[in-house]
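Take a look at the structure set out below.
Residues take their numbers from the sequence shown, with the count starting at 1. Both ligands and their constituent atoms are indexed starting at 1 by order of listing.
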Amino acid sequence: MRIKLFIYNSYLRFAEKTKNIKMDSIKILWAALLIFLSYTAPAQVDTDSYLPKDFTYNPAIPTPASVLGFQLGEWHVSHDQVVMYMKALAAASDRVQIEEYARSYEQRPLLLLTITAPGNFPKIEQIKAQRENLRNTQAATPIESMPIVMYMGHSVHGNEPSGVNASLLSAYHFAAANEIAGDLENMIILLDPAINPDGINRFASWVNSHKSYQMNGDPNNRELNEAWPRGRTNHYWFDLNRDWLPVQHPESRGRIDKIQEWKPNIVLDFHEMGTNSTFFFQPGVPSRNHPLTPKKNFELTEKIATYHAKHLDKIGSLYYTQEDYDDFYYGKGSTYPDVQGAVGILFEQASSRGHLHESQFGLLSFPFTIKNQFTTALSSFEAARDMRVEMNQYMQDFYKEALTEANADPNNAYIFGSKDDAARVFHLADIIQQHDIQLFTLKQDVTLNGVEFEAEKSYILPLNQPQYRLIKGMFETRTEFQDSLFYDVSAWTLPMAFNMDYMALNSKILNLADVEEVDGPLIKPKGTVVGPEGAYSYAFVWNEYYAPKATYELMDKGYLVRVSHQPFQTESGLQFGRGSIVVVKGHSDDSDQEFYQTLQEVAINSGITIHALTSGYTSGVNLGSPSMQVLEKPKIALLVEGGVNSHEAGEMWHLLDQRFEMPITLLALEQMKGATLERYNVLLMPNGNYNQLGKLGAEKIKDWVRQGGTVLARGGAMSWLASNDIADFKFKEVSEEDTVVQKNYASFSRDMGSKVTGGAIFNVRLDVTHPIGYGYSKTELLSFRSGNQFLEVSDNPYANPMLYTDTPLASGYIYPYNAEQLRNSGAIQVSSIGSGKIIGYADNPNFRAFWFGTNKLFMNGIFFGQTIAGDTAR
Ligand SMILES: [Zn+2]
């Protein structure tokens, strides 16, 4: 090893001196070195050594090194450097056009390069129209002469850096290689160099700032151990590779717009996996394909795989297929295309994380990982070139078959709506519309099977449209599966996630004359104040999604805000349920006019309706009732870092910061120990391990709760609070008795895997008279669960506002023994100590930002936790 490092270091000095000098002798020397060092060497390479030898390159096109000032793989490119190179490339090459399709939260531009023969650019609109016709199968399409479209997405996970770094090589190669000029006549490459700019930059900054010039690959090195929350996720710590379907983040929304605009035939998705692995490319596990994906998709993936194999064989890289990963959840980049007549391909390269990493195969160098990714970009290019007609034909056939299936479907449409919350309806319709799906609105209110659908708050999705299979993929429920293992969630039924009234309609109850197609983008529901200025009081119901946002804004402006624990009605018949908010000027110095103006602004910002009340003499209870309680403005700290689950912490942060526009403090566990907790009245504890807080940290939280603080705790936080005697939560001891004395060794991991609850949807029963249940009109609700923590029901029957039902599984997979444990167990529970409360959530109410249906359970904890009577808690 010492000898190799010596050679490497000598080369580094040598390369420094000879940078940018292209001499054949250097190439030969370098090629010899590469062969000698092979996989295990900390190879330092220049652009030439990455590039295949059978190509020549246009010297007018800048190499990555000439723009960056260093060789790819020497340092991790920052996102600004990616942008700098791609712009330089586009400026120099008539094969490349560049566009900014979105901005990340941190205002980094998301770029898409269109790479094709220069002669194709004037025909782009015509090409897009032809592609539209592949979906809209009525029109004639010139399959034989149409170009193929291949999309390449890099490093959706920011700490999987070989993708984004290889994107510079791929872009250079496709822009500069002379020999592919003819191929590009029939091909359009859409190259997205960096799907997740914020995560990519966070990661690059970490590894670069810890890089030593003398590398040893020690896995203990700080360079190879990123700090919390790591670079995988976006600004709010979301996994963008789960957001292709829910599209809740600007990165995904912009990307899906482009995908729907172009309808690529092949979608490449460049990732990394554990360091002690090799290289994976799809197909994944055959039995774990989603049943809505046709078999032909798998066959085409297999055919494309032969190209990757051939190319990786040539450079001597190890790889595997079919034993791992799957195409089940349609929200992933390599699976989303599979339900739209395309083929998505996942690449997983063993990660060097930083610049050099010890592995079971020897030292794994960053340049080696870049080279593998680039090699599969080349193999994909060849596959696309050779399979052009076949892939376009497949897309057309896919949509023809989809329409045949739609016509055979016993149902003709789905309808969904919520008569007491327009905002949730809007957000679901918005997701659907993003995926090039036609939506219709009702012209008048209808009642179907006893459920009222209001024209303003409902949508209809006809099934007889090209995206039939994708619609099924969003709306169907499934509880039977070919396999019991899932790489990700087993259910994501969207109307369930939104707690929406919905049903499939057959032609008997569907009269299409009464609907109207949505033309253009959907408009967010508008809010207003109904009634005059200077009224006795103003009030609004809690059912509307953004009611908490309005409430916070009013509190923040210093008005007196109360929650009603009892329903009341006005003389004119307006109904206000439990949780309704009553607001007066209070101690504010505002004039009536200013107050009214503010109410208007708040109503508009939140899209809610605020009503003027002319008298306090309401029925049910009067407006001065003791059951109307003054609310304290939430001052929120969210515990982060250490063992805290960053995804869940990010979901809470995003929810409050983006949706409800409430400021919160991200309080690191170590910081918490020295901080003054009295600044806060709500403490959020996401799922995770809190042991590092120790006894002192636990005592501190306990004292703070005793004095009236409210804790919202999830999963592992509930266990920690219980074990430190802060909350009285009890969990079921679960261990399945095994009566079989001998089982096949080979089936061990499969048996274990089948017990995992990766994510499914369950029926729960909500007490809508409990502050945690305010704003819900029905006791039946759906909850998303992953994991096998089962909460015992509290002896205090008032402390169980939400319980699992007797037959909980609604959609997705759960192992039968676990399903049994879940029956009638606790879903939300309230514990108290002193004058404070701990609200325990067995399930994550904010899952991936698209579980709009349970967000209110969480917001209720924040706003109304302070009002829960101590005697009703555990
Ligand atoms: Zn990944």
Side-chain angles (χ1 to χ4, degrees), residues 76-77 79 82 104 110 151-167 170 191-204 206-207 224-226 229-246 249 251-252 255 267-285 288 308 319-321 323-338 344-354 357 359 364 366 368-370 372-374 376-377 380 486-489 645-647 650 758-759 848:
H76 287 243
V77 284
H79 187 258
V82 174
S104 69
L110 286 128
Y151 167 94
M152 303 171 65
H154 300 87
S155 298
V156 64
H157 296 140
N159 61 359
E160 300 176 1
S162 53
V164 57
N165 283 268
S167 81
S170 300
L191 187 144
D192 186 333
I195 298 185
N196 173 13
D198 297 346
I200 285 168
N201 217 64
R202 196 157 71 231
F203 179 74
W206 178 269
V207 285
L224 306 182
N225 296 282
E226 276 177 277
R230 297 169 281 277
R232 176 183 176 92
T233 48
N234 76 350
H235 175 79
Y236 287 103
W237 314 331
F238 277 79
D239 185 336
L240 289 176
N241 200 37
R242 303 294 181 269
D243 194 42
W244 288 65
L245 203 62
H249 299 282
E251 298 94 336
S252 319
R255 186 174 64 252
V267 172
L268 308 179
D269 190 17
F270 295 92
H271 287 253
E272 289 188 359
M273 56 182 166
T275 303
N276 285 316
S277 43
T278 59
F279 189 91
F280 171 87
F281 50 86
Q282 281 183 323
V285 180
R288 284 156 52 181
H308 309 317
Y319 55 83
Y320 72 107
T321 64
E323 290 176 75
D324 222 339
Y325 302 101
D326 63 33
D327 276 323
F328 191 81
Y329 172 49
Y330 285 127
K332 291 186 300 165
S334 55
T335 312
Y336 177 74
D338 295 346
I345 302 198
L346 172 71
F347 298 113
E348 293 275 357
Q349 162 66 47
S351 184
S352 67
R353 291 292 167 223
H357 203 307
S359 83
L364 175 58
F366 183 39
F368 177 79
T369 65
I370 296 173
N372 281 336
Q373 301 280 31
F374 173 57
T376 51
S380 302
F486 299 86
Y487 182 71
D488 197 71
V489 296
N645 179 311
S646 62
H647 291 100
R848 289 181 184 167

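- Between H647 and R848 there is no side-chain heavy-atom pair separated by less than 4.5 Å.
- When the salt bridge (Lys or Arg N to Asp or Glu O under 4.0 Å) test is applied to E160, the partners found at least two apart in sequence or on another chain are R232.
- You'll find the ring centres of F280 and H271 outside the 6.0 Å limit.
- Take a cut-off of 2.8 Å around the Zn ion (ligand 1): the protein N, O or S atoms inside it are H157 ND1, E160 OE1, E160 OE2, H271 ND1.
- Under the 30°/60° scheme for interplanar angles, the aromatic rings of F281 and H308 are found to stand perpendicular.
- Side chain of T275 to main chain of S351: a donor-acceptor pair is present (N/O by atom type, distance under 3.5 Å, no hydrogens or angles).
- Using a 4.0 Å cut-off between a side-chain N of Lys or Arg and a carboxylate O of Asp or Glu, K332 and D326 qualify as a salt bridge.
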